[in-house]
Amino acid sequence: MRRKTKATSIDIAHRAGVSQATVSRVLSGSPLVNAETRKRVEAVARELNYKVDRHASSLRTQRSATLALLLFEDPTADESHINPFFHAMLGSITRACARHGQDLLVSFQQLSDDWHADYEDSMKADGMILLGYGDYLEYRDKLQSLVEQGTRFVRWGAVMPGQPGVSIGCDNHAGGRLVGEHLLALGRRRIAFLGDASSHYPEFFERYRGCDAALQAAGLAMDPALQVDAESSEEAGDAAARTLLARGQGFDAVFAASDLIAVGAMRALAEAGLQVPADVSVVGFDDIPMARFTRPPLTTVAQDTTRAGELLVETLLRQVRGEPAESTLLPVTLVVRRSCGAGQ
């Protein structure tokens with residue numbers, strides 16, 4: 001009985017009508033192959049039940065075919081310590097790694113730890129994806145240390161000139177402007193902002209500045225007396241709204257730097273006898289699943305977490321292959337619901 005031979009990349013190349021080099025590029029996830037050719041090669045590989053020899057490949061390339069995901073802990077009401085905004089992105093990153101034949105090593109970290117030192121000389125992974133919020137000015141030096149060490153990494157966060165390394169982020173300024181324009185169209189003029197509006201938290205700051213730009217275009221401006229610092233948690237949103245109310249400054253809208261802050265703020269407003277949206281419009285940012293189920297449902301700014309996860313993986317793999325990798329800003333969308341006085 002003739003023994004069935006294992007399919008090779010040469011077999012795939014012959015049947016797909018391409019060179020063996022093209023097959024290798026497709027199987028390694030190179031972006032240099034057009035979509036039509038990629039689909040044809042992948043279809044033939046599945047038809048021939050071709051499996052990449054991960055061990056042989058790693059010996060040839062001196063790569064582990066593994067990416068590390070460092071997830072920084074956030075204050076949460078449950079034991080997960082994961083900002084719910086990142087849940088969908090985690091799924092997208094995992095699927096993108098699978099498509100590119102990469103294993104994913106997930107590690108939970110605290111921003112205060114020396115996480116950068118643990119991975120600088122590590123051979124566990126070919127590169128790192130960094131997810132999590134925190135004081136940018138406090139961990140910027142750690143990012144710079146990674147750059148100087150030659151560590152390949154990409155992070156989800158603000159895209160800024162002169163930043164260490166590569167970032168994928170959303171257009172926070174445009175998102176803030178969308179919120180400001182929408183609230184102005186509803187007749188709101190005194191817009192409070194809950195969230196740190198400083199260079200320590202550049203994403204929140206850009207959201208604030210975007211809203212302010214919308215107001216300035218209408219001959220108005222954000223009032224510093226209506227800005228209260230808050231981390232991205234329900235508890236922080238509740239506390240920030242209470243601080244805002246205690247100042248005794250009139251306001252008719254609240255723009256929360258995240259949905260979690262907005263949820264906490266809505267609770268504090270309700271306990272103070274204010275109705276949302278009759279007395280105060282409330283808008284968040286992130287469009288986490290919870291936003292659809294608040295009472296009333298929360299108007300917010302949606303970020304494309306699916307594309308974000310894909311870009312984080314693809315950008316890191318470009319670095320691993322020695323190809324140019326650039327920071328990218330993703331567009332955002334305003335999702336109008338009833339908390340602002342309009343929508344579903």
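- Checking side-chain atoms of Asp252 against main-chain N and O of Arg189 turns up a donor-acceptor pair under 3.5 Å.
- Judged by distance alone, the side chain of Thr243 and the main-chain N or O of Ala239 form a donor-acceptor pair under 3.5 Å.
- Leu260 has its side chain out of reach of Asp286: every pair of non-hydrogen atoms, C-beta onward, lies at least 4.5 Å apart.
- Side-chain atoms of Leu90 and Thr305, non-hydrogen and from C-beta on, never get closer than 4.5 Å to each other.
- Ser339 places no side-chain N or O within 3.5 Å of a backbone atom of Pro296 that could act as its donor or acceptor partner.
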> Cys170 and Trp156: side chain to side chain contact (heavy atoms under 4.5 Å, CB included), yes or no, with the steps?
Replying inline: CA-CA 9 Å; Cys170 83; Trp156 173 259; 4.3 Å; yes
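- To the nearest 0.5 Å, atoms CZ (Arg155) and CG (Leu146) are separated by 11.0 Å.
- Atom CG of Leu104 and atom OG1 of Thr66 lie 9.0 Å apart (nearest 0.5 Å).
- The aromatic rings of Tyr136 and Tyr139 lie perpendicular to each other, with more than 60° between the two planes, well past the 30° mark.
- A salt bridge does not link Arg140 with Asp135: none of the charged nitrogens is closer than 4.0 Å to a carboxylate oxygen.
- In the hydrophobic clustering of ILVMFWY residues, with side-chain heavy atoms under 4.5 Å counting as a link, Val336 and Val332 come out together.
- For Arg242 and Asp238, the salt-bridge test passes: some basic side-chain N is under 4.0 Å from an acidic carboxylate O.
- Note that the CE atom of Met128 and the CG atom of Leu69 stand 11.0 Å from one another [nearest 0.5 Å].
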> Are Glu206 and Arg209 close enough, and set up right, to give a salt bridge (Lys or Arg N to Asp or Glu O under 4.0 Å), and what steps lead you there?
Replying inline: CA-CA 5 Å; Glu206 281 300 295; Arg209 292 179 64 235; 2.4 Å; yes
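- Sorted by first and then second residue, the side-chain hydrogen bond (donor to acceptor under 3.5 Å, both in side chains) pairs involving residues 289-301 (not counting sequence neighbours) are Asp259-Thr300.
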> Where do Val301 and Thr333 land on the side chain to side chain contact (heavy atoms under 4.5 Å, CB included) test, with the steps shown first?
Replying inline: CA-CA 6 Å; Val301 177; Thr333 306; over 6 Å; no
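- Looking at Met266 and Leu298, their side chains come closer than 4.5 Å, going by heavy atoms from C-beta outward.
- Within the 4.5 Å cutoff, no side-chain heavy atoms of Thr328 are placed close to those of Val159.
- Salt-bridge annotation for Arg15 and Glu47: present, with a side-chain N of the basic residue lying under 4.0 Å from a carboxylate O of the acidic one.
- Under the 4.5 Å side-chain heavy-atom criterion for Ile, Leu, Val, Met, Phe, Trp and Tyr, Leu215 and Leu186 are members of distinct hydrophobic clusters.
- Side chain of Asp126 to backbone of Ala65: a donor-acceptor contact under 3.5 angstrom is found.
- In this structure, Ala325 and Gln319 approach most closely via the heavy-atom pair CB-CG, 3.7 Å.
- Judged by distance alone, the side chain of Asp212 and the main-chain N or O of Met222 form a donor-acceptor pair under 3.5 Å.
- In this structure, Ser281 OG and Ile191 CD1 are separated by 9.0 Å, a value rounded to the nearest 0.5 Å.
- You'll find the side chain of Leu330 stays beyond 4.5 Å of the side chain of Gln303, heavy atoms only.
- Because its NZ or CZ atom is both nearer than 6.0 Å to the ring centre of Phe285 and within 45° of the ring axis, Arg207 counts as a cation-pi partner of that residue.
- Judged by distance alone, with hydrogens and angles left aside, the side-chain atoms of Ser198 form a donor-acceptor pair with the main-chain N or O of His200 at under 3.5 Å.
- Nearest heavy atoms, Cys97 versus Val313: SG-CG2, 3.9 Å.
- Side chains of Gln163 and Ser327: a donor on one and an acceptor on the other come within 3.5 Å.
- Heavy atoms only, all atoms of each residue included: Ala291 and Arg337 are closest at CB-NH1, 3.7 Å.
- Judged by distance alone, with hydrogens and angles left aside, the side-chain atoms of Thr315 form a donor-acceptor pair with the main-chain N or O of Leu311 at under 3.5 Å.
- Salt-bridge check for Glu271 with Arg267: failed, with every basic side-chain N at 4.0 Å or more from each acidic carboxylate O.
- Ring pair Phe193/Phe255 is perpendicular by interplanar angle, where above 60° counts as perpendicular and below 30° as parallel.
- Across all non-hydrogen atoms, the minimal contact from Phe205 to Ser199 is CD2-N, 3.8 Å.
- Using a 4.5 Å heavy-atom cutoff, the side chains of Leu130 and Phe153 are in contact.
- Of the possible donor and acceptor atoms, one in the side chain of Arg190 sits under 3.5 Å from a partner among the backbone N and O of Gly250.
- Between atom CZ of residue Phe86 and atom CD1 of residue Ile288 there is a gap of 12.0 Å, rounded to the nearest 0.5 Å.
- In this structure the side chain of Leu312 reaches within 4.5 angstrom of the side chain of Leu131, judged on heavy atoms.
- Once rounded to the nearest 0.5 Å, the distance linking CD1 of Ile129 with CD1 of Ile168 reads 10.0 Å.
- By the rule that hydrophobic residues join a cluster once side-chain heavy atoms approach within less than 4.5 Å of another member, Val254 and Leu274 end up as members of one cluster.
- Placement of Val335 and Val283 in two distinct hydrophobic clusters is found when ILVMFWY residues are connected by side-chain heavy-atom separations under 4.5 Å, directly or transitively.
- In the hydrophobic cluster analysis, where Ile, Leu, Val, Met, Phe, Trp and Tyr join through side-chain heavy atoms closer than 4.5 angstrom, Leu184 is grouped together with Tyr208.
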>> Please determine whether side chain to side chain contact (heavy atoms under 4.5 Å, CB included) holds for the pair Glu181 and Cys211, giving the CA-CA distance in whole Å, both sets of side-chain angles, and the decisive distance to 0.1 Å.
In response: CA-CA 8 Å; Glu181 291 171 347; Cys211 189; over 6 Å; no
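- Across every non-hydrogen atom of Asp196 and Phe204, the tightest pair is O-CB, 3.1 Å.
- Annotation for Ile261 and Ala256: closest pair CG2-CB, 3.8 Å, computed over non-hydrogen atoms.
- Annotation: side chain of Cys340 is not in contact with side chain of Pro277 (no heavy-atom distance under 4.5 Å).
- A salt bridge links Glu310 to Arg307: one of the charged nitrogens lies within less than 4.0 Å of a carboxylate oxygen.
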